[in-house]
Protein chains: 2
Amino acid sequence: MTEFSLPPIQTTARDDAVLKALAGFVMREKLEPGERLPTERILAERLKVSRNTVREALTRWEGLGLVERRQGSGTYLKAAVSLDMLHMPLTLAGGNDFTGLMRTLEIRRALEAEAAALCAVRADEDDLAEIERKLDIMEDAFKMRAGMSSDEDWEFHQAIYRASGNPLFEQIIAAMHELFHRFWEHPLGVRDFGHASFPYHRTIFNCIAAHDPEGARAEALKLIATVEDDLKRGAANLKLADRK
Amino acid sequence: MTEFSLPPIQTTARDDAVLKALAGFVMREKLEPGERLPTERILAERLKVSRNTVREALTRWEGLGLVERRQGSGTYLKAAVSLDMLHMPLTLAGGNDFTGLMRTLEIRRALEAEAAALCAVRADEDDLAEIERKLDIMEDAFKMRAGMSSDEDWEFHQAIYRASGNPLFEQIIAAMHELFHRFWEHPLGVRDFGHASFPYHRTIFNCIAAHDPEGARAEALKLIATVEDDLKRGAANLKLADRK
DNA sequence: TGCAGAAATTGGTTGGACCATTGAACCACT
DNA sequence: AGTGGTTCAATGGTCCAACCAATTTCTGCA
């Protein structure tokens, strides 16, 4: 038996064709996020397909977060659309349990370290000022409530992602943030959850300000390590991780 | 067809409710990837919703890669489904140009380094054997063709991701692989594209085999650095990066 | 002019119909 | 037994024509 290279033929691909045409339309009309795109009925008529087909295509885009549908109002662009988009639908099963959180934390460690390093190389004066501002706010909140605050902490990290010059960091981490958030609110019985991570926020900033990428990377790794420790402590406290 | 227990849907938010009910059904019936789930018509009847609504719901799952629909055959589970899934749809715009590729490469550097480090900690004898097997294949291909081979290289890295014990690494990187692939095939005029990365594959493996996470991390960073250099050289050669 | 209610717009849902593909059963012929 | 062709039911894909529900816009009265 010899080797074949016969990819399956594609006979029907209506909704894909609809999306391609729609992407082309968005680019030609230079539609930007927030703008409304044609109604389903118009699209169906113009593309010479059924409204059902249009709806299935739009459902796909909605699932990808590219578009938002508002009943009675219309369908609105939520993100930039281009023909050469690359989609990465990630599904994390069992995101509620300890294992799932640990796994996302490993991804976060990887990205956090790299973002901090890149940030140390690329951040300009404005970026540094913004990051330090968030840091000050976070430290104030820490002293006030005598504990880590999820929101302010998140703002600080987000500022770093933004200053990394690569929007992908923020996109990926933001997608996982909801998950972290749940646990921050229910610290598994660990009273001072996240406490140990506090000092590393400033050491990270110092390395970034000194344009020391490897230092920033190392400090970021330390920070995540403390969170992992807290997590493990929590999982040890409660023998069962969640089970809602 | 066997017996189901699918109570009718309540009120608004139809398609979300359909997915929730369907996820519950999959869990109760312990359906695993590859198995076929009830036909659209049956689902519509049991859930007391229209078949179109069922289809929109399934379209969402299909977009998330959870399910595969085969005309004339049925709808099949492609991944494990649970009620507490977390979806992270990412779309990378403009992934075709030099900037976009550089950005994905930065993500890859972050994940590659972390995956190698985790792998060094967790890989058992079987994992090591598998990785070394892929490494040998890659090195043979390199000697044969006197140059890097995209496929064999990819297999090697995939083996590392798998042995990292965290499926998210493979998921994220796999989603971006298509992007790398395009450039590997069209090396921007750089004749020996990827050549410099060759030796680091074995040094990474050596560190993993020696259970030296920081060493593996460092070698992985070096590997990606060579690819980045090649990329920059290529972008400098052609003044324009793609423009197809 | 201001604003409440009617009317038009738009996405959401329904039910029914037909098409295209698949796969199993069946059959004829070798 | 095996090969290939035919039939036929099941299933996803598409279409149509309505109607429902939320929203926006318009209208006319106070």
Side-chain angles (χ1 to χ4, degrees), chain A residues 1 6-22 25-26 29 31 33-78 81, chain B residues 1-4 6-22 25-26 29 31 33-78:
Chain A
M1 176 65 77
L6 285 177
I9 60 173
Q10 199 60 286
T11 53
T12 55
R14 285 274 214 275
D15 40 5
D16 271 340
V18 167
L19 287 185
K20 229 174 101 182
L22 198 49
F25 172 79
V26 169
E29 299 291 318
L31 295 186
E35 292 196 71
R36 213 188 74 170
L37 40 84
T39 72
E40 297 177 350
R41 287 171 175 87
I42 301 259
L43 286 175
E45 179 193 351
R46 295 284 205 284
L47 296 172
K48 289 276 184 270
V49 295
S50 142
R51 197 183 146 211
N52 262 335
T53 307
V54 172
R55 280 187 62 74
E56 289 218 9
L58 287 179
T59 299
R60 289 245 263 283
W61 269 15
E62 190 185 28
L64 290 169
L66 293 178
V67 117
E68 178 185 355
R69 292 149 119 181
R70 288 206 285 271
Q71 184 173 177
S73 177
T75 304
Y76 298 83
L77 222 50
K78 259 179 75 179
V81 165
Chain B
M1 187 56 75
T2 69
E3 198 72 9
F4 311 125
L6 283 175
I9 293 298
Q10 303 154 348
T11 51
T12 52
R14 300 280 212 230
D15 43 2
D16 272 338
V18 167
L19 287 186
K20 230 175 100 181
L22 197 49
F25 171 77
V26 169
E29 298 291 321
L31 294 188
E35 292 196 70
R36 213 187 74 169
L37 39 85
T39 73
E40 299 177 349
R41 287 173 176 86
I42 294 199
L43 286 175
E45 179 193 350
R46 294 289 204 283
L47 298 171
K48 290 276 183 280
V49 295
S50 148
R51 192 180 148 215
N52 269 331
T53 306
V54 171
R55 280 188 61 74
E56 290 220 6
L58 287 178
T59 299
R60 288 245 261 283
W61 268 16
E62 190 185 28
L64 290 169
L66 293 179
V67 119
E68 178 184 356
R69 303 206 275 203
R70 288 207 285 270
Q71 184 174 174
S73 177
T75 303
Y76 298 83
L77 222 49
K78 260 179 74 179

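So you know, we letter chains A, B, ... as the sequences are listed, proteins then strands, and number each from 1.
- For dG12(D), its base sits under 3.5 Å from the side chain of R41(B) at one donor and acceptor pair at least.
- Residues T75(B) and W61(B) fail the side-chain proximity criterion, which asks for heavy atoms closer than 4.5 Å.
- When the side-chain nitrogen and oxygen atoms of R14(A) are compared with OP1 and OP2 of dC15(D), one or more of them lie within a distance under 4.0 Å.
- In terms of phosphate contacts, T53(A) brings no side-chain nitrogen or oxygen within less than 4.0 Å of OP1 or OP2 of dG13(D).
- The existence of a salt bridge linking E40(A) and R51(A) is confirmed by a sub-4.0 Å separation between a basic side-chain nitrogen and an acidic carboxylate oxygen.
- Salt-bridge annotation for K78(A) and E62(A): absent, with no side-chain N of the basic residue lying under 4.0 Å from a carboxylate O of the acidic one.
- Within residues 63-78 of chain A, the residues having any heavy atom closer than 4.0 Å to DNA chain D are, in order of number, Q71(A), G72(A), S73(A).
- Phosphate proximity of dT14(D) to R55(A): absent, as no side-chain N or O sits under 4.0 Å from OP1 or OP2.
- Between V81(A) and V67(A) there is no side-chain heavy-atom pair separated by less than 4.5 Å.
- Partners of S50(A) under the side chain to side chain donor-acceptor pair (under 3.5 Å) rule, at least two apart in sequence or in another chain, do not exist in this structure.
- Between the axis at the start and the axis at the end of the helix from dT1(C)-dA30(D) to dT30(C)-dA1(D) there is an angle of 0°, using five pairs per end and rounding to 10 degrees.
- Residue-to-nucleotide contacts include a donor-acceptor pair under 3.5 Å from the side chain of N52(B) to the base of dG15(C).
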